[in-house]
J.: 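Pasting in a structure now, in structure tokens, and then I'll have a few things to ask.
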Amino acid sequence: MQLDPNKRYLLSRPCGGFNDALVQLEKSRLYAVQYSRILILDMSRSGLHQQLDRYFTTREDFGCEIIHWRDDMAEALDAATSVKPHALRHRISSYTVKYNREIKTRCDKETGTPVLFDHGKDHSEHVLVYEQSGGGFASFQLLQRLTLQPDIAETILSRIEALDPGYDAVHIRHSDYKTNFAKFLSNLRSVLKNRRVLICSDSATAKDTAQKILHPSTTVLSVSDTPDMKGKPLHRSLGLDWDSVNTDMLTDLFALAASDSLFFSRLSKEHRTSVTVSGFSLLSDLLHHNRDVVKDLFSALETERVARVFDEKPENIPWLRRYHLLMVYLWNFEAKRKAALRNKQASPRRPKPENLPPKMR
């Protein structure tokens, strides 16, 4: 690869879990569109640990030219003399980052320089470098400009089809962020009685415990294998089969979206900072309420087949179940309120890149 001296580039290296990585990619995409830059995307430092084009392809309305990272790009980027942050000049392929808790920013480990720039203005440098994490609703905006690769779409849809229609779903985050899942599942016992329930979690313990806590009449389902990481989040683990892990994660996401009723709770207080509900839970809820976006992501497959899985089916809800659902709404109000706010934020909005986290300090 050679850099065109008449074009400008943005090397974006999103970090964090799946939702965070999508938000950071959308931040970079918006900036590249606004200031006419070619987006070089390296997702290997995100929770995917692989490049985005393994799983998704960009739609025509993506808005900017995108180049997915390949190792042979390193030499050309290292040779660039006009780089921001300046401390990374001739070191783009080799620098490492460390999270600075005081300014809540990932910084170059060697110099302490934050690996970001002001997204609110144009910059003259030939190559901009950005490597951060941070969540929000913009992941949903990005997914509206992507479609799943045909083989990935086929694998995911086949697994969800095997569940058969008519199931509820529960998402439990219990690794770096933790949920009091035993209490949560106990509270759901009545509403999930005599139901088929899909359990999705980053915790093998939480999935194994569900069958013991839920009512004996509840049929527990799964579409993915969750390795026992002893509380360590999957996206920060090493040595895993990332193709398998990522396909499982995406299958969980879209299976949650296809459910009749979706349940998730706030995080445990002792494990909360500014994050009160898992970003993955909120993204799955957004997709659950926006099935057309999900169906567009599966556009590589037969339309009628996709519709059979993701079209909403009217359900005759008995009065007792209505009562139990109301009780869930009341005791789980904080999570429901957060999801409603996220849905409202994501609806028609097209945010400015400088307004997405992290903010320039």
Side-chain angles (χ1 to χ4, degrees), residues 17-19 22-23 56 135-144 146-148 153 156-157 159-173 179 181 184-185 188 191-192 195-202 210 220-224 248-267 276-299 301 305-315 317 321-322 324-326 328-329 332-349:
F18 184 64
N19 189 70
L22 293 189
V23 172
F56 296 93
F137 63 87
S139 53
F140 177 70
Q141 310 287 5
L142 177 72
L143 286 175
Q144 295 177 61
L146 303 175
T147 56
L148 288 161
I156 293 172
L157 193 67
R159 290 192 195 177
I160 300 176
E161 285 175 326
L163 292 174
D164 293 327
Y167 64 88
D168 296 329
V170 177
H171 179 246
I172 301 170
R173 176 71 180 268
T179 303
F181 65 85
F184 179 49
L185 291 169
L188 288 175
V191 75
L192 297 180
R195 305 284 293 187
R196 300 169 63 245
V197 182
L198 173 69
I199 305 294
C200 297
S201 178
D202 59 352
V220 175
L221 309 171
S222 177
V223 288
S224 61
D248 279 353
M249 178 271 296
L250 291 169
T251 304
D252 275 355
L253 178 67
F254 295 117
L256 290 168
S259 64
D260 290 348
S261 297
L262 174 58
F263 303 96
F264 52 89
S265 77
R266 64 184 182 182
L267 301 171
T276 58
V277 181
S278 160
F280 193 86
S281 294
L282 294 173
L283 179 58
S284 64
D285 186 69
L286 260 170
L287 295 174
H288 183 263
H289 285 90
N290 294 273
R291 307 283 182 98
D292 286 345
V293 173
V294 178
K295 287 187 283 188
D296 286 343
L297 282 159
F298 285 83
S299 62
L301 304 183
R305 184 182 168 204
V306 174
R308 282 196 294 270
V309 171
F310 293 108
D311 275 354
E312 291 194 58
K313 291 91 179 167
E315 181 184 0
I317 305 178
R321 178 165 169 81
R322 290 179 186 272
H324 287 147
L325 288 170
L326 176 61
V328 173
Y329 182 86
N332 198 30
F333 179 74
E334 185 176 350
K336 292 290 186 180
R337 182 189 65 81
K338 182 71 174 178
L341 177 61
R342 178 64 57 86
N343 292 340
K344 183 178 179 181
Q345 287 175 327
S347 296
R349 292 182 60 184

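Worth knowing before you read on, the calculation uses all heavy atoms, side chains too, and leaves out hydrogens, waters and symmetry mates.
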J.: Are Phe263 and Phe184 close enough that their ring centers fall under 6.0 Å?
T.: no

J.: Minimum heavy-atom separation for Arg308 and Lys313, please, with both atom names.
T.: O-NZ, 2.7 Å

J.: To the nearest 0.5 angstrom, please state how far the NZ atom of Lys295 sits from the CG atom of Leu301.
T.: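 Atom-to-atom, Lys295:NZ and Leu301:CG are 14.0 Å apart.
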
J.: Closest heavy-atom contact between His288 and Leu256?
T.: CD2-O, 3.6 Å

J.: Please walk me through it: do Phe310 and Phe298 pass ring pair (Phe, Tyr, Trp, His ring centres under 6.0 Å)?
T.: CA-CA 10 Å; Phe310 293 108; Phe298 285 83; 5.1 Å; yes

J.: Less than 4.0 angstrom from a charged side-chain N to a carboxylate O is my criterion; do Asp248 and Arg159 meet it?
T.: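 A salt bridge is present here (some side-chain N lies under 4.0 Å from a carboxylate O).
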
J.: What's the spacing between Lys338 NZ and Arg266 CZ if we round to 0.5 Å?
T.: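 That separation rounds to 13.5 Å.
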
J.: Is there a side-chain contact between Phe137 and Leu283, using heavy atoms and a 4.5 Å cut-off?
T.: no

J.: How close do Asp164 and Tyr167 get, counting heavy atoms only, and between which atoms?
T.: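 Minimum heavy-atom contact is O-CD2, 3.6 Å.
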
J.: Without hydrogens or angle criteria, can the side chains of Ser139 and Asn19 be said to hold a donor-acceptor pair below 3.5 Å?
T.: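 Yes - a donor-acceptor pair under 3.5 Å links their side chains.
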
J.: Nearest heavy-atom pair of Ala255 and Ile160: which atoms, and what distance?
T.: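 Result for this residue pair: N-CD1, 3.6 Å.
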
J.: Does the pair Arg321/Asp168 count as a salt bridge with the N-to-O cut at 4.0 Å?
T.: yes

J.: Report yes if the side chains of Leu297 and Leu146 come closer than 4.5 Å at any heavy-atom pair, otherwise no.
T.: yes

J.: Do Arg195 and Asp260 touch side chain to side chain, with heavy atoms closer than 4.5 Å?
T.: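 Yes, side chains in contact.
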
J.: Of all the heavy-atom pairs spanning Thr179 and Ser265, show the shortest one and how long it is.
T.: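 In terms of heavy atoms, the two residues are closest at CG2-OG, 3.0 Å.
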
J.: Give, for atom CG of Leu221 and atom CZ of Arg196, the distance between the pair rounded to the nearest 0.5 Å.
T.: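 Going from the CG atom of Leu221 to the CZ atom of Arg196 covers 5.0 Å.
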
J.: Taking atom types as modelled and ignoring hydrogens, do the side chains of His171 and Ser281 form a donor-acceptor contact shorter than 3.5 angstrom?
T.: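 Present: a donor and an acceptor within the cut-off.
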
J.: Heavy-atom distance under 4.5 Å between the side chains of Asp285 and Asn343, does that happen here?
T.: yes

J.: Could you measure the distance from the OG atom of Ser284 to the CG atom of Leu282? Nearest 0.5 Å is fine.
T.: 7.5 Å

J.: How close do Leu262 and Ser259 get, counting heavy atoms only, and between which atoms?
T.: CB-OG, 3.9 Å

J.: Is there a donor-acceptor contact under 3.5 Å from the side chain of Gln141 to the main chain of Ala346?
T.: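 Side chain of Gln141 to backbone of Ala346, a donor-acceptor pair under 3.5 Å: yes, one is there.
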
J.: Going by an N to O cut-off under 4.0 Å, is there a salt bridge joining Arg173 and Asp202?
T.: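 A salt bridge links Arg173 with Asp202.
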
J.: Decide yes or no on side-chain contact (heavy atoms from CB on, under 4.5 Å) for Leu250 and Phe56, but give the supporting numbers first.
T.: CA-CA 11 Å; Leu250 291 169; Phe56 296 93; 4.0 Å; yes

J.: Looking at side-chain heavy atoms only, is the closest gap between Leu22 and Leu143 below 4.5 Å?
T.: yes

J.: Quick one: are Phe181 and Ile199 in side-chain contact, heavy atoms under 4.5 Å?
T.: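 Phe181 does not reach Ile199 side chain to side chain.
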
J.: Answer whether the closest heavy-atom distance between the side chains of Leu287 and Leu253 falls below 4.5 Å.
T.: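 Leu287 vs Leu253: side chains touch.
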
J.: If you measure from the Lys or Arg side-chain nitrogens to the Asp or Glu carboxylate oxygens, is any gap between Glu161 and Arg305 under 4.0 Å?
T.: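 Result for this pair is yes, salt bridge flagged.
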
J.: Are side-chain heavy atoms of Phe264 and Val277 found at a separation under 4.5 Å?
T.: yes

J.: Identify which one of Leu185, Val328, Val220, Val170 satisfies the side chain to side chain contact (heavy atoms under 4.5 Å, CB included) criterion when paired with Leu192.
T.: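 Going through Leu185, Val328, Val220, Val170 one by one, the side chain to side chain contact (heavy atoms under 4.5 Å, CB included) with Leu192 is satisfied by Val170 alone.
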
